[in-house]
Structures are given as structure tokens and as C-alpha cells.
Amino acid sequence: MQDASDPLSPLWFHTAPPLAKNAIVLAEDGTEQDASLADTIVIGAGVTGLSTALHLAERGARVTVLERNEPGAGTSGRPNGQVIAGLHLSPDALIAGFGAERGERMMAFTGRGPDLLFDLIARHQIACDAERTGWIQATRSARQLKSLEKIVRSWANRGAPVSMLDRHETARLLGTRVYAGGWLDRRNGTIQPLAYVRGLASAATSAGARIHCGIDVRSVERRDHKWLITSNRQPLRAQTVVLATNVLTSKLGGVPRQVLGRTYLSTHSVQLATVPLEAAQLESLLPERHSCSDTSHLCLRYCRLDRDNRFVIGGPGWLMPPRSPSALSFRWLEASARRMFPQLRNTWFEYRWAARDSITPDVIPHLYEPCPGLFCAMGYNGRGLAIATALGSELARRVLGAPETALSYPTTPVSSVPLNLAAATKIFLRLVGAKL
């Protein structure tokens with residue numbers, strides 16, 4: 001289970017409401033019976049798995065969720081908490097890659113991601129410090145402003161509440177002068193991510209799903225026209241399985257490792273959170289509580305304020321996670337934060353943590369159906385809260401029989417990252433900066 005005493009435990013582990021006692025079932029309490037009665041087994045209790053389970057249960061399906069630790073213990077409980085519409089690819093790039101009809105559907109679907117997430121929060125009364133104050137994407141490069149203007153025009157032509165920001169307005173809204181400008185998307189906001197995941201777990205359970213924790217799934221294999229799930233408990237069989245394991249998919253034996261394990265790269269991001277800021281600092285630092293991400297690559301930065309006015313900033317880490325609070329990746333991020341935001345010059349950073357992320361070569365998440373009755377969504381590239389919530393609803397529709405052509409987000413063929421280490425490293429270095 002999650003350990004808030006760990007010096008590298010995320011801020012969110014310390015400020016989230018406790019998991020509702022009736023939201024989960026321990027491994028020894030009837031897992032085999034629940035699974036035998038389920039229409040669908042979902043593996044993984046992060047945002048993808050719980051959104052899928054909730055939407056399935058609300059439609060009357062019998063669903064069992066298997067989780068190794070507890071809801072939100074993985075990447076879903078560790079992000080910066082920014083809720084962002086759309087994908088890393090621009091609207092024009094989506095249309096160029098998927099065609100006008102499919103590209104427009106993908107744009108509309110991903111653009112509604114924040115609406116779906118905030119509607120779920122309101123409908124299920126999830127206490128997760130939700131704020132819809134807007135998100136700014138900023139750039140240090142004046143030349144890149146033309147690319148941002150294209151993105152803004154594309155979304156504005158489709159009715160999205162977006163606008164460009166000049167250098168002065170960007171500096172005023174963020175509290176730093178390092179950026180040449182940016183754009184504002186008012187659809188977006190922030191949440192306490194672990195509290196959100198725990199709220200989804202409670203909502204899914206209330207709708208009829210069963211969430212079993214302490215189930216360490218080890219392989220998923222096709223046997224006698226059913227799926228055989230082996231774990232630290234008794235083997236389970238199911239007609240339909242949803243893989244919601246994202247970056248840990250390659251750790252599962254059988255079809256997940258053999259077919260899906262090489263469709264993404266894995267890296268770590270790092271984050272810091274200050275002590276609560278003073279009123280004088282808040283007058284100039286994110287004064288209207290926008291969240292922000294920039295367009296840099298290896299110097300990527302993204303930041304926000306939490307409910308207690310802590311400043312939370314993140315950036316790329318390394319292929320391996322930091323081992324101590326004094327790790328180089330933390331020290332670089334802290335030095336960068338103080339340079340960017342003079343208001344933080346003498347402020348103590350109280351929390352520091354890492355999250356393991358998945359990066360796909362085309363910088364978008366994917367829906368996969370590698371075999372009959374096996375469904376998967378993965379590859380969020382550091383932007384998972386809104387899109388994983390939305391793809392959970394699509395997975396539920398597909399599991400319940402909606403034709404693939406009726407989905408708003410396409411199911412794509414499985415394609416692997418090149419085995420060549422140099423090629424994989426090149427992809428990583430090109431894409432790591434796109435994570436938020």
C-alpha cells in the first residue's frame with residue numbers, strides 16, 4: 001500500500017482524503033468468485049481502469065478490477081494534476097495523419113475530455129480540489145509563436161475558448177519573464193490526482209464494480225477461447241479483459257509483453273512542491289491560478305498551485321527513477337524553478353517525487369485490440385488525466401459491443417518501437433519534451 005512516510009512520496013499522498021473503506025476488497029476476500037461472475041475483468045486501478053469499470057458498471061455490466069497495490073498507487077496518483085484538452089499533436093497534424101473525418105472526430109472527442117472529467121467529479125461529488133481556471137502553454141521561442149497561433153486558430157474555428165497571449169500578458173499571468181508568449185485554453189484546469197482516482201474507485205464500487213487489491217497479475221494468455229489470468233492468487237478465466245496497466249504493460253507475461261510491451265518507451269518525470277506560499281508571493285506568481293506547461297524539450301517545465309497555495313513544478317527526469325531527495329534531477333529542477341520564478345528564491349521545497357511515464361513514437365495514446373476479447377488503452381505521454389478518463393468511456397462502449405467504426409477514437413494496429421537502441425534513444429530525446 002502507499003507509504004506517505006517515504007521521503008520521495010508525492011504531495012498528493014499527504015493531502016488526499018482516505019480511500020473509502022467500501023471501495024476495495026482485499027485479495028483474500030472472494031476474488032475468484034467475483035471474477036467468475038464478471039462479464040469483464042479490468043487489470044489496473046488507475047484512471048483508465050477505473051473510468052472503464054465505472055462506465056461499464058453504470059451500463060449494467062458485471063466488472064471486476066484487479067489491482068496489485070491500491071487505486072492510484074502508480075502513475076495515476078503522481079502527476080502534476082493538470083487537466084488538458086486535446087493531444088500533443090496539433091489539430092492540423094491529426095487531420096493530416098488520420099484524415100478529415102476521423103481527425104475531426106478525434107479532435108472533438110479529446111477536446112471534450114475535460115468536460116467529461118469535471119462532469120464525473122460533479123456527478124459523483126468527488127472531493128479532489130477541482131479548479132477550472134484555464135491552462136497556458138508558453139514558449140521561450142518567438143519563432144514558435146506562429147505554430148501556436150495555428151493551433152489557436154484551429155481550435156477557435158471549432159468553437160473552443162482559446163486565445164493567444166503576448167509576452168507581457170504571459171509574464172503577468174505566470175509570474176516569470178522567460179517566455180516570449182503563449183496561448184490560453186479556458187477548457188482546462190487542475191485536480192488533486194490521487195483524490196480523483198480514489199473518488200473514481202468509490203464511484204465505480206457504488207455503481208456495482210468490484211475492486212480487488214493485492215492481486216499481482218503476472219500473465220494474460222489465451223487458452224481454450226478464454227483469457228487465463230495468472231497472479232499471486234488462483235488462476236482466473238474471463239471472456240473479456242481490459243488491460244489498463246499503461247507503462248507496466250511490458251511487465252505482464254503472455255500477450256501483453258509479447259504484443260504490446262514494445263509499443264512505447266518508459267521514462268521518469270520529477271516534481272517538486274513548495275511549502276504554502278505567502279500572500280505577497282501569490283500576488284505575482286500564477287495570480288489567476290492558471291496551470292502552465294511550456295513547449296521546451298529537455299528543459300520542459302510545467303507548474304500549478306495546489307489547494308494550499310503550494311507551487312508544484314515538474315520536468316523530465318531520467319530513464320531510471322531518482323533514489324534520494326538530493327538526486328541530480330531534483331536539484332536541476334529546483335535551480336530552474338528559482339531562476340524562472342524570483343518569488344521562490346528563498347522558499348523551501350517540501351516535497352519531491354517521481355512518476356514513471358509512457359511515451360509513444362507518435363506522441364498520442366492508443367486503443368488496441370490485439371486479440372479477440374482483449375482491449376487496451378495506453379501511451380499517455382504525460383497527459384493522461386483527461387484523455388484516460390475519456391478513453392475509459394470508449395473502452396466501455398467497445399467492450400459492450402459498439403462497432404469500432406462508431407468510436408470517436410480509433411483502434412490502431414500494434415506497432416513496435418524499433419529494437420535498435422540508437423533509434424529508440426533518438427525517439428526518446430525527440431519526444432521527452434512533449435510530455436505536458
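Just so it is clear, the structure is predicted and the values come from calculations on it, not from any experiment.
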Do the side-chain N and O atoms of [X] and [Y] include a donor-acceptor pair separated by under 3.5 angstrom?
X	Y	result
R289	N309	yes
Q82	S293	yes
S250	Y264	yes
T274	E350	no
T15	R307	no
S9	H14	yes
Y196	T389	yes
T31	H212	yes
D92	S90	no
Q192	W12	no
T412	H366	yes
H268	D357	no

Please name all residues satisfying salt bridge (Lys or Arg N to Asp or Glu O under 4.0 Å) with R352, sequence neighbours left out, ordered by chain then number.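 With sequence neighbours excluded, R352 shows a salt bridge (Lys or Arg N to Asp or Glu O under 4.0 Å) to E334, given in chain and number order.
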
For R331, check salt bridge (Lys or Arg N to Asp or Glu O under 4.0 Å) against everything at least two apart and list the hits.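 For R331 there are no salt bridge (Lys or Arg N to Asp or Glu O under 4.0 Å) partners, ignoring immediate neighbours.
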
Could you check whether [X] pairs with [Y] (Lys NZ or Arg NE/NH1/NH2 to Asp/Glu carboxylate O, under 4.0 Å)?
X	Y	result
E58	R123	yes
D115	R132	yes
K226	D224	no
E131	R304	no
R301	D294	no

Reported [atom1]-to-[atom2] distance for the pair [X] and [Y], which is rounded to 0.5 angstrom:
X	Y	atom1	atom2	answer
K21	T205	NZ	OG1	15.5 Å
R262	T249	CZ	OG1	14.5 Å
R153	R158	CZ	CZ	12.0 Å
L272	W353	CG	CH2	7.5 Å
I364	D362	CD1	CG	4.5 Å
C292	I136	SG	CD1	6.0 Å

Does the side chain of [X] reach to within under 4.5 Å of the side chain of [Y], using non-hydrogen atoms?
X	Y	answer
T347	V275	yes
V220	I43	yes
F341	C303	yes
T64	T40	no
L66	V42	no
P325	P7	yes
E67	I215	no
P316	T267	no

Taking every non-hydrogen atom, the tightest pair across [X] and [Y]:
X	Y	value
N80	G314	ND2-N, 4.3 Å
L148	G182	CD1-CA, 4.0 Å
V65	A45	CG1-CB, 4.0 Å
A85	N188	N-OD1, 2.8 Å

Donor-acceptor contact below 3.5 Å, side chain [X] vs main chain [Y]:
X	Y	result
E70	C213	no
D306	R310	yes
D6	L8	yes
Q271	R78	yes
R59	H55	yes
R257	K251	yes
R105	P410	no
D216	N232	no
R397	A402	no
S51	T48	no

Distance-only donor-acceptor hits, side chain of residues 237-244, under 3.5 Å, sequence neighbours excluded:
none

I'd like to know whether Y380 forms a side chain to side chain contact (heavy atoms under 4.5 Å, CB included) with I359, so could you lay out the CA-CA distance, the side-chain angles of the two residues, the decisive distance to 0.1 Å, and finally the verdict. CA-CA 7 Å; Y380 296 115; I359 302 175; over 6 Å; no

Between T295 and Q137, does the side chain to side chain donor-acceptor pair (under 3.5 Å) criterion hold? Intermediate values first, please. CA-CA 7 Å; T295 60; Q137 186 176 40; 6.0 Å; no

Does the pair I387 and I84 meet the rule for a side chain to side chain contact (heavy atoms under 4.5 Å, CB included), with working shown? CA-CA 8 Å; I387 188 60; I84 303 173; over 6 Å; no

Please check if the number of heavy atoms outside R68 that lie under 6.0 Å from its CZ is greater than 12.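 No, the 6.0 Å shell around CZ holds no more than 12 heavy atoms from other groups.
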
Surrounding CD of E404 (heavy atoms of other residues, nucleotides or ligands, distance under 6.0 Å), is the total greater than 12? yes

Could you check F375 against Y368 for ring pair (Phe, Tyr, Trp, His ring centres under 6.0 Å), going step by step and ending with a plain yes or no? CA-CA 6 Å; F375 305 88; Y368 292 126; over 10 Å; no

V255/L374 under side chain to side chain contact (heavy atoms under 4.5 Å, CB included): CA gap, chis, key distance, verdict: CA-CA 9 Å; V255 173; L374 184 65; 3.6 Å; yes

Measure up the W135 and W183 rings against each other and bin them: parallel (under 30°), tilted (30 to 60°), perpendicular (over 60°).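 Perpendicular, since the angle between the ring planes exceeds 60°.
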
I would like to know whether Y302 and I313 meet side chain to side chain contact (heavy atoms under 4.5 Å, CB included); could you show each step before the answer? CA-CA 6 Å; Y302 44 94; I313 185 168; over 6 Å; no

Side chain to side chain donor-acceptor pair (under 3.5 Å) for T230 and S219? Distances and angles first, verdict last. CA-CA 5 Å; T230 58; S219 71; 2.4 Å; yes

